[in-house]
Amino acid sequence: MIGSMTPHRPTLIADTAIALIAERGLRGLTHRAVDEEAGLPAGSTSNLARTRAALLDLALARIVERETEGSPVTAGELPDGAGARELLVQGGADLLHRALTVGRTLTLARLELALEATRRPELRTGYDRLGARFTDLATALLARCGSADPAGDARRLIRWCDGVLFNSTAGSGHDRAPTPEELRDEAARYLAALLDHG
């Protein structure tokens, strides 16, 4: 059974689905497999998520929820200037390092879902909607840093983050996650290239 504590049933089902996706890929994700792995009576998962698409949506929403747990900022309490820049550098490095270490299961599952979204328009819509939260926050912070093109710079920053995550989990760097110091240095260099090019 995945996990030793018994959380609220929808949370247990979503977390179990995520673990199965990361461990077995999407082919290993079935309603029955979730029930068995979570130690639930047969039919529990299908009662909550009737279709496979609904189960994928549930897993994706839970990934975003878990990835943003304990976030130090919300859109309404963002610093300005140097504070915003430091938050982007340190906060971004911390989030990436967490995603590559203690959150590696979430990252693997999210990458699996991203690939599946290229073949399922309904999943693509949900994936993009939930991912927009990160882009919106990056846009707001970059505007407070003085970016001349906050939305464009946010897209470029997210592309860099996605590249780091892919490289360090499924790409050529999969066997060695960058250290927090390396990520902070890279984030600072990348942000400087975005903001100081003019």
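What you see below is based on every heavy atom in this structure, not just the backbone, and it leaves out hydrogens, waters and symmetry mates.
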Are [X] and [Y] side-chain neighbours, meaning at least one heavy-atom pair lies under 4.5 Å?
| X | Y | result |
| --- | --- | --- |
| L26 | E116 | yes |
| L165 | R110 | yes |
| L108 | E112 | no |

Note: [X]-[Y] ion pair, threshold 4.0 Å (strictly below):
| X | Y | answer |
| --- | --- | --- |
| R85 | D196 | yes |
| E67 | R133 | no |
| D94 | R184 | no |
| R52 | D57 | no |
| R24 | E37 | yes |

May I ask whether [X] and [Y] are part of the same hydrophobic cluster, defined by side-chain heavy atoms of I, L, V, M, F, W, Y residues being less than 4.5 angstrom apart, directly or through others?
| X | Y | value |
| --- | --- | --- |
| Y127 | L29 | yes |
| L20 | L113 | yes |
| L137 | W160 | yes |
| V89 | L142 | yes |

For this session: For atom CZ of F166, decide whether the heavy atoms of other residues, nucleotides or ligands shown that lie under 6.0 angstrom number more than 12.
Result: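 No.
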